[in-house]
Amino acid sequence: MDPYAAGWLSIIPPVVAIVLALITKEVFSSLMIGILSGAYIYSFGSGAADPMVKGLEVTFKLMGDKVDFQILLFCTLLGALVYVLGMSGGTRKYGEIAREKIKSRRSSILATFGLSFLIFIDDYFNCLTVGTVMRPLTDSYRVSREKLAYIIDSTAAPMCIIAPISSWAAAVGSSLKSTGQFESDFQAFVSSIPFNFYAIFCLLLVFYLSLTNRDFGPMRLAEERALSKALKEVENEITDKPKHLPSTRGTIWDMLVPLIALIVFAVLAFMYDGGYWGDDPAYHTFAASLGNCSASKALVWASFGAIVVAMAMYIPRGIVKFGSFMEGCIEGMKLMLPANIILVLAWTLSGVCRDLLLTQTFVQGFVAGGTGLDYFLPVVIFIIAGLLSFSTGTAWGTFGILIPIAVPVAISVDPSLTVVCLSATLAGSVFGDHCSPISDTTILSSAGSGCSHMSHVTTQLPYAWFVAGCCVVGYLAAGLSHGNWIISFGATFVAFAAFLAVMWNRSFDVKKFENMLSVEEKMAAAK
């Protein structure tokens, strides 16, 4: 299928999908309508002989072409692993022990942030693993699933984009190589980290909210709702009950060992697929092999290996019978079906925009055309990257498109802003991806936390917009100061602190609800 440059019409499909999803709270039909609108723009615009039939043909052909089966397999296998971990009783035992060690709601949230902070190799791995491990603990302290999904989502990609050793760093490096402007792509990436204000202040906001429990906006309502209901009510409302009751003989090691195996296998698979033990000595270091690997393929191997470890632990000890274990795997795979369907539809919509309607060409015109005022360049690049990433649901695709454009433009306009503009491109890509309902990271965060997808999107948006607004201030200061980090970072921090100070009295005070929780628990214990 030859592409058709649809101009401003190329942004209609994602706008339709996103607006419908926000209005109806139903993501499947919204995505499908967005895909069909793009397919018919393409079929009519390209002059197809039978545009009505051609639109349907394009839709389902693109859907088949854009499916990443490795990611679907990883999600499916991880769903199976999560389910059998619950069957073993290890997850319940972990929750009991963690509750003994972690004595407060705040500590459970901080522990979630800490774990998510440490798993920075890959965002997919982060989203599903942290949700699996921490959900029983945060449930026990009535942390809303929306808050859990926010912590995971707001730590996964921001950590990956500022970690020199991650799958994201490798993707950025490949885009930087295409510009031919840097002696060392790795050094260019590292130099962009201090100016990646969105990632840095996203992490600061998560830490602030975790430490203070002062939520605002839709998240405040979600937290109030979770705390003012009995725990069983919350679980019944948002979680399907498992068909297999957890074993009473399971230990905490029945959960920890398979998860540790998952992490170890993932790292080894990254290294193996990247050529660490291969014939080319260029990949015989950890960082080089990580940059050369296919993360999705390696994660499939790791999740399968973790299931084998779980089987070897449970069946010989009689924790779970073989037949029940296999039934549990199937049930876990079924639970991941909605997330997998959303991923397929999101990839298809992204393909409609990127491959058929050439949304990136439309956006490139704005960037390549310049801004007229040099000091606006970082701000404009940040906003354009955010809009493109939001519309297509992909951060990688966005910085892959914009880096080869933004870097040469920055060099021609003001060489001192080259690194700032590179950082603004990466920051805007993460911002748009973070906000987008069709982003795979957003989808996996809601799936990993057991949260309704649209509830996660609507509660997270105000926080993302707030950080983005602070970034606009920072990148404007960077342009005015010709790339002075102290001035631009200071301006971002002042805007960040000022907004939080204004919102302090309007934010959610969790203490009264914690007191209510303590009273309810004492009454329950007395009964």
Side-chain angles (χ1 to χ4, degrees), residues 1 3-48 51-67 218 338-366 383-395 397-398 401 428-429 431-443 446 452-462 464-465 468:
M1 293 181 290
Y4 163 65
W8 66 270
L9 292 174
S10 66
I11 65 172
I12 288 180
V15 169
V16 167
I18 291 165
V19 170
L20 283 177
L22 293 175
I23 292 173
T24 66
K25 310 299 183 184
E26 205 290 304
V27 71
F28 298 104
S29 61
S30 301
L31 285 170
M32 197 65 205
I33 292 171
I35 292 167
L36 288 170
S37 68
Y40 281 113
I41 288 172
Y42 173 78
S43 62
F44 279 96
S46 59
M52 296 304 295
V53 175
K54 184 67 174 178
L56 289 175
E57 180 186 343
V58 165
T59 295
F60 293 107
K61 185 180 186 307
L62 196 64
M63 194 174 293
D65 292 343
K66 290 301 172 184
V67 169
N340 285 345
I341 293 174
I342 294 174
L343 280 174
V344 170
L345 294 175
W347 290 331
T348 305
L349 182 59
S350 178
V352 166
C353 297
R354 189 171 61 246
D355 300 338
L356 295 186
L357 303 181
L358 300 179
T359 303
Q360 68 273 22
T361 302
F362 175 67
V363 174
Q364 284 172 6
F366 287 104
I383 293 172
I384 289 174
L387 290 173
L388 182 56
S389 183
F390 181 80
S391 300
T392 60
T394 168
T398 299
I401 291 167
S429 299
F431 162 56
D433 182 76
H434 197 190
C435 293
S436 178
I438 62 174
S439 161
D440 44 10
T441 310
T442 307
I443 294 164
S446 55
S452 162
H453 179 59
M454 289 311 301
S455 293
H456 168 45
V457 172
T458 54
T459 52
Q460 178 168 267
L461 277 177
W465 289 339

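Positions are given from 1 along the sequence. None of the values given here were measured: they were computed from a predicted structure.
Nearest heavy atoms, Gly386 versus Phe431: CA-CD2, 4.0 Å. Closest heavy-atom contact between Pro13 and Val352: CG-CG1, 4.5 Å. Ser446 and His453 make their closest contact through OG-ND1, 3.1 Å (heavy atoms, listed as atom of the first residue, atom of the second, distance).
The CZ atom of Phe390 sits 6.5 Å away from atom CG of Leu461, with the distance rounded to the nearest 0.5 Å. Separating the NZ atom in Lys61 from the CG atom in Leu356 is a distance of 9.5 Å, to the nearest 0.5 Å. The OG1 atom of Thr348 sits 10.5 Å away from the CG atom of Leu36 when rounded to the nearest 0.5 Å. Rounding to the nearest 0.5 angstrom, the gap separating the CD1 atom in Ile35 from the CG atom in Leu345 is 4.5 Å. The CG atom of Leu9 sits 15.0 Å away from atom OH of Tyr42, with the distance rounded to the nearest 0.5 Å. Put simply, OG on Ser43 and NZ on Lys54 are 8.5 Å apart, with the number rounded to the nearest 0.5 Å.
Of the possible donor and acceptor atoms, none in the side chain of Thr59 sits under 3.5 Å from a partner among the backbone N and O of Ala39. With hydrogens and angles disregarded, a donor-acceptor distance shorter than 3.5 Å links the side chain of Tyr40 to the backbone of Met52. When atom types are taken as modelled, the side chain of Thr458 and the backbone of Met454 share a donor-acceptor pair closer than 3.5 angstrom.
In this structure, a donor-acceptor pair under 3.5 Å is absent between the side chains of Ser389 and Asp433.
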Fill in: Working for side chain to side chain contact (heavy atoms under 4.5 Å, CB included), residues His434 and Thr441
CA-CA 8 Å; His434 197 190; Thr441 310; over 6 Å; no
